[in-house]
Every structure is written in structure tokens, then in C-alpha cells.
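These notes are about the structure you will find just below.
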Amino acid sequence: MKRRTLWMIIAALCSALELVWGLQPPPAEAIPAWARQYNADCGLCHYPAVPRLNAMGYRFRWAGFRMPEELGQEPDVTAVGNYLSARGRGRYVYADSDQTETVSEFQWHDTTLFYAGAITPHLSAFNELEWEAEDDVSLVAQLQWLSGRPERFTTVRAGQFHTLPRVGVGPLDRPTGISTPSIFSERLTTSPVPFRLSDDQRGIEVAHIMRTSRLALQVTNGLDASGSGTAGDQDTAKDVLLVYERLLDEAASGLTLLGYRGVWHDGLTDDDYTFYRYGGAVNKVFPGGFDVLGGYVRSQDDLPSVAGPNLQAQAFFVELQQYLRRPDIIVLGRYDWIEPDRDTARDRRQRQTLGIVKAVERYLRLALEGQRSTDRAAATGYALTAEAMVNF
Amino acid sequence: MASHAISRIGAGLALVAWAAAASAADLKAGRTLYDQHRCARCHAINDQGGKTGPDLSRIGALRDREWLIRFLKQPKSVIADAKMMPVRASDAELAALADYLASLKP
């Protein structure tokens, strides 16, 4: 019965997608702020679909949300519509596993306001206020100072920001589909350290951009006892992230190498944990719209002596995407693999993801993702997520 | 007879001068629209302007006025994967902008 219900829901979602395919709405007047500013189509900076960027989009972001050749030029800050954007995401989620209750519900994932762009010839701002489900509110607020020439410049970014995932290149940009690779969005070890690479943090970043490369050093508070990077600092130690990024072509191919050293203070036991993450991610977009993405992260958590021996872990993912020009859709498949403790057998976690993404005109994106998760120590789970995302 | 010819030549010259003046005015109007729509954010003319879009210094030698008007009205109708959005302006303004662009020849 459960399975029949699931298939009925899938059929209904497919019908809804088909309906949207068939009823292409007229061109929308409302387009996001920066596209309005440059009177440009989304495809100028995004590939293969919003919100993932292409090389032009990466350079635009590196230059503080302006074209690099506009460095030093006075922006028109009175045009509020060129700075203000909104996003909404609604979802249907079905999840079933051996160990948890079955979930079948419609969700309003978030409503988000952006006010961002170049505010002086050498200063940019990015503010993102996201109301999430269950009244959680998250804030990204940063100032970015820029100095140099279009082909070679230095930036200093300070505030409460996305550290690397969602603002990196290639696989470290926002995902084409709905979910983010596990190596960035999940805890990679079994120690109490609650660190995830995708956590927002407070701190400062110095970066140097040379045409297609970017070298950045971040110093941040790190995470508090609850695992939040935006709720203050519990110790005087700072976390450090060193990143090298390189654009590999004008499509959306990119390479990232990263090293992270953090210190987490356990408020209950008053112990400090030092942890390390090293790795990289790369993707290549081939002619014809075929995209191969992958990433690997090696982890080490140095535990206090009372907590046991140090932990070593590793994780990787591989993703394939194909952009089909005629129906204007992207199909994708991803395999995530996490070994959270190399000395413990039967603790590997794996996830297979299949998805399809369809951009409808310039403001609406529809996506459907199915996932199968297996945890050798625990359970097998299935999830289906359908998402409608609107940007204007 | 001679005075007749002279007056005809004078009238012809006056017409040419008027047409040239009108054309110059149209080009000036087109240039003003180019500035008002901030086309230079993405396009360069003689090395002045952005590099996001194609250089327009020789666009008049590559495209004619009618093609330019069609493109300005609806870029994707002419180039399927064009990244520019339609220019929001009246037909007369688009014609003036196209006249200006068509005049850009080496």
C-alpha cells in the first residue's frame, strides 16, 4: 500500500512536470537583480541551470559581484532593483527507512531575501536572510574590499559567510540538483566533532585572484559546542582554511584544493579536539553537455587521550550530469561514499542519487531527486524530493 | 536657364545638408540611448567599455540596420543562445540605436 501510494505520488509529480513543460509561460519580467543590472539572460553567468555558475559567474563573484573590468568604477547604488532579489523553495519529501518513521509531506523549505552587489568602487556587500522551515532564520552578511587590476586583484572578505561550499567552483558551487555531495554537507568522522565543511562561519578571508586562479586564506571562529559557526566562539583558538581554486575553461569546469585545521572545544568535558580536512574536487564539462564531477576529503580528528585514539577517515563522491539541449533538462547521478573511521569495519555510509532538473523560463526551476542510502551498521533508506525554486 | 540650374543645384545641396544633419541627429540620439541603457557595461567601442559582451567597434560592417533592430527587440530570435535580454525601448528608439550601431565601421 505504501509503495502504491509512493508510485501514485511519483505519477502525480511527473504529470505536474509534464504540465509545466507543455504550458511554457510567457517570458517573465521579473529576473534576479544582477541579471536585471546587466540586462542579461541567466545563461550569461549560470550553467547548466540556476544557481550553479559558469566561468563568467565565478569571475563576477570573485570580483565582489561586478565584472572584473568594473573594478574601481562607481556603481549606481540608487538602483535598488539591481541589488534586491528573493528566492522561495517549496518541496515535497517522501522518506522511508528501516529505522525511522515514514515521512510524506509538503514543505516550504525557505524564503530568502538577498541585498547584494558593488556599493563603492572598491567595496561590495552581500546580505542573505533566509527564513527556513520551523522558523529558523539564518543570516549571511559580509563586506568585501577589493584592490588591484581586473586581471590581478586582492580581496578581503569579513563577516558571517559561506566559507567554501556554495561559493566555490565546480563541485563546490551550489548543486545542479537539490542535494549537496555528502563530503561537504555531512560529518565525515565518528568523533564528537560536529564539523561539516558546508557550515557557515564568522571570520575573515584574504584572497588573491590571478585571471583564472584564486588563492584564499580564511581565519574563522570555528564551531561552538552545538556545532554552530554563527553563534559565537567558545575558545580563543581559530580555525584556518587554505584554498586554491582554478577555472579550467569558460564553461563551468573547475579545480579546488583545500586544507582545513580546526579546534573544537567540548563544553561538557572541557576537552579540545584538533581536526584536519584535506582534499580536493574537480569537474570537467565536455562538449555536448556531459559533465563529470568528483571530490575526495581525507579527515583526521585528534582526540583527547580520555576519548580514545585519533580517528582517520576518508570520503569521496563521483557525479555524472548530462545537459539535454532539446528538452532543456539536466539528468544526473551521484555516488557518495564515506568511511568515518578507517579502523572500524562495517561503518561505511553510501548514497546513490538520481535526479532531473528543468529550468522553466528565467525564474522557475523544477527538480526531482531520488536517493538510496545505506549504512552498513544500521539501515537502508529511500528518499524522494521534488522541489520548485523561484528566483526573482 | 543657367539661374534655373543653379537654383536646382542649390536645392539639392540643401536637401543633402538637411539629410546629413538629420542623420547626425539620429546618430547622436542613438549614442545617447547607448549611454542611457548602459550598453558599455558589457560592450566596448574602440576599447571603451566592458568585455562581457562582443566588441561593437566594427558591428556596422558585420550586421545591417534591420538585423540590429531585430536583435535589439528580441535577441534570441536572431541568435538562439544569445545572453542579452531584449532592450526595452520604443520602435523609434530602437531604430535610432540601430542607426548608431550600424554606423560603427572601421
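Residue numbers start from 1 in every chain, and the chains themselves are labelled A, B, ... in the order their sequence lines are given, proteins ahead of strands. Being a predicted model, the structure only gives us computed values, none of them experimental.
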Got a salt bridge between A:Arg52 and A:Asp291, using NZ or NE/NH1/NH2 to carboxylate O under 4.0 Å?
yes

Which portion of A:Gln37 sits near chain B, non-hydrogen atoms under 4.5 angstrom:
both

Per-residue tally against chain A (heavy atom, under 4.5 Å) across B:Met84, B:Arg38, B:Lys83, B:Lys76 peaks at B:Lys83

Sort B:Pro86 into side chain, backbone, both or neither according to what part of it lies under 4.5 angstrom from a heavy atom of chain A.
backbone

Between A:Arg59, A:Glu69, A:Gln73, A:Met67, who has the most heavy-atom pairs with chain B when the cutoff is under 4.5 Å?
A:Glu69

Angle class for the A:Phe65/A:Phe60 ring planes (parallel below 30°, perpendicular above 60°, tilted otherwise)?
perpendicular

Taking the cut-offs as 6.0 angstrom to the six-membered ring centre and 45 degrees off its axis, would you call A:Arg87 and A:Phe114 a cation-pi pair?
no

In sequence, state the C-alpha distance, the side-chain angles, and the governing distance for A:Ser124 and A:Arg66, and then conclude on side-chain hydrogen bond (donor to acceptor under 3.5 Å, both in side chains).
CA-CA 9 Å; A:Ser124 297; A:Arg66 70 186 92 199; 2.8 Å; yes

